[in-house]
Amino acid sequence: MTNSSITPTVHAAGVSIQGLRKSYGSNEVLKGIDLVVKPGEVVCLIGPSGSGKSTLLRCVNLLEQPNAGTIHVGGFESTDPDVDIDLMRRKVGMVFQQFNLFPHLDVLRNCTVAQTKVLKRSQPEADAVAQRNLERVGLGHLSDRFPDQLSGGQQQRVAIARALSMDPELMLFDEPTSALDPETVGDVLAVMRNLAKAGMTMLVVTHEMGFAREVADRVVFMDGGVVVEEGPAAKVVGAPQEARTQEFLRRVLDPTHIDIVED
Amino acid sequence: MAMTVRQRTRVSRTIQYGLLVVVVILAALLADWPKISKAFFNLDAVASQFPGIIVIALKNTLIYTVLSFLVGVSGGLLLALMKLSPVGPYRWLATIYIEFFRGVPALLVFVAFGFGIPTAFGIRFNVFVTVMLALGMVAAAYIAETLRAGLQAVPKGQMEAARSLGMPHWRAMVTIVIPQAFRIVLPPLTNEIILLTKDSSLVYLLGLAASQYELTKFGRDGITQPNAGLTPLVVAGACYLVITIPLGILARRFESRSARTKR
Ligand SMILES: Nc1ncnc2c1ncn2[C@@H]1O[C@H](COP(=O)(O)OP(=O)(O)OP(=O)(O)O)[C@@H](O)[C@H]1O
Ligand SMILES: [Mg+2]
């Protein structure tokens, strides 16, 4: 990926979350989360499985309905019952672990369908925007393929291009590389790195500590539905203060390590 | 000498084929061929069926089938969406409809539309409208269950991806979920057309003008001719196969295609 593929993001929106709570039945998954992401900032969300990272991300664009607390996204209070959810979601791009490309549409249509149906762009205009974003993720030559003809890494890059084609002001990534073969992870991370350089606001759930250290302005460690520790990547990943963070990082960075318990 | 599993399978299959051949030969030897050919394959009677059986009967069977299939698919889709709706009364209405029309013989529905409703309300439907409504409403009940299964088989991530691109729920349904559901249910839907083709024979219940005859009625009319024997019914039966066998092949083709794309 060359530097020429960096397109500056004109509008970048921030996120501000206060006192966010979310329960499934009697199971309280988010127990009062406060989190601010400034416009243009890249925040990586890390934490053990089940700690509520996906739930937090999904609350931001209201794929899950919070039980309490407020969320502001680029001028919208998304927790306001009268908010126009669809209008708010246009500003927020989301990339899923399982890509969720539309299998019945080719790559170009995947990137244009929401442009024409939601933003009411003309087909030629939408095609041009989609093609530009596909080139941005290095896949301009595959626009007439169908999703099942692409590798996992290519599918995920199409998913990023699809989200970017709506001109979002904020991008949410939920473990974008966890379902990928190791050799295709790098391509996806490279695209995300360029996006960050271009000034996009990004909230990224990831287990890629290398990416977090290199790209994130801030890292947030979550466990048991609360934010345990947050700060610059070098501090949280490099020199964690909390015991739970240390324990988690030891397991992530050295998965084969076995603690020898001495009596 | 011990046989491998594969050898044993081959031997038992050869024996089965051998038995089948013996049965067929015996049946052929014992049958009274002159009588059979006079009753069922009287060439003069075959010739007398043409061209009416094609230009009137086959054409009408196709028209009745296609019209009722269109009603069946639209009604079935509506019922399937009602059945999946979060609104209780919609679900109950759909359930009552489906259980009723699946439980009642199609013949009774024909009688109701052909005689019951016209008598009760003094309305006279055109034959084509009667067939379309009677057959279509029965078909809708079956197709609804098929489509509901198809809609549920579309992964949840598809709806979430569409919604997070800013599509309202109905738009995501129409553009993303329903087209995929139809692909999934293409094989059972094709089988539904085959059943409808045969059920269109119930039209004989209604008083028909000769120009409205479909295959079965045309064949029944044919056997009243002197010396025709049962040959006209055999010709009508062959015409059904001309429609249904290609549909069956099509259904199998769809099945193997969807089996291939499922990784
Ligand atoms: N739709 C749901 N219904 C009920 N419980 C849910 C639902 N979604 C998530 N949960 C529960 O909420 C908790 C947090 O889930 P979440 O997916 O947010 O965790 P996570 O941090 O993203 O974990 P992972 O790293 O495994 O993706 C888990 O205990 C999970 O079982
Ligand atoms: Mg998760």
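In what follows, chains are A, B, ... by sequence order, proteins preceding strands, each numbered from 1.
The choice from A:Leu101, A:Leu62, A:Asn61, A:Val92 that makes the most heavy-atom pairs within less than 4.5 Å of chain B is A:Leu101. Chosen from A:Arg90, A:His104, A:Met166, A:Arg58, the residue pairing most often with chain B at heavy-atom distances under 4.5 Å is A:His104. Your options are A:Ala163, A:Pro103, A:Ser165, and the one with the most heavy-atom pairs under 4.5 Å with chain B is A:Pro103.
For chain A, no part of B:Ala172 is nearby; none of its heavy atoms comes within less than 4.5 Å. Both the backbone and the side chain of B:Arg163 have a heavy atom closer than 4.5 Å to some heavy atom of chain A. Residue A:Phe96 touches chain B through its side chain alone, counting heavy-atom pairs closer than 4.5 Å. Both the backbone and the side chain of A:Arg162 come within contact range of chain B, each with at least one heavy atom under 4.5 Å from a heavy atom of that chain. When heavy atoms are compared at a cutoff of 4.5 Å, A:Leu172 does not approach chain B at all.
Remark: A:Arg121 does not engage A:Asp127 in a salt bridge, criterion side-chain N to carboxylate O under 4.0 Å. Salt bridge annotation for B:Arg148-B:Glu145: present, with a cationic side-chain nitrogen under 4.0 angstrom from a carboxylate oxygen.
Among residues two or more places apart in sequence or in another chain, the salt bridge (Lys or Arg N to Asp or Glu O under 4.0 Å) test is passed with A:Arg21 by A:Glu28.
Within the 4.5 Å cutoff, the side chain of A:Thr184 has heavy atoms near those of the A:Asp181 side chain. Side chains of A:Gln154 and A:Leu142 form a contact here, defined as non-hydrogen atoms less than 4.5 Å apart.
Between the side chains of B:Thr197 and B:Tyr64, no donor-acceptor pair of N or O atoms lies under 3.5 Å. In this model, a donor atom of one side chain and an acceptor atom of the other lie less than 3.5 Å apart for A:Gln18 and A:Ser16.
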Legend entry - Working for side-chain contact (heavy atoms from CB on, under 4.5 Å), residues B:Leu206 and B:Phe113: CA-CA 9 Å; B:Leu206 311 171; B:Phe113 274 93; over 6 Å; no

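For residues 106-118 of chain A, a heavy-atom distance under 4.5 Å to chain B picks out A:Val113, A:Ala114, A:Lys117, A:Val118, given by residue number.
Within 6.0 Å of atom OH in A:Tyr24, more than 12 heavy atoms from other residues, nucleotides or ligands are found, so the atom counts as buried in its surroundings.
Annotation for B:Ala80 and B:Leu151: closest pair CB-CD1, 4.1 Å, computed over non-hydrogen atoms.
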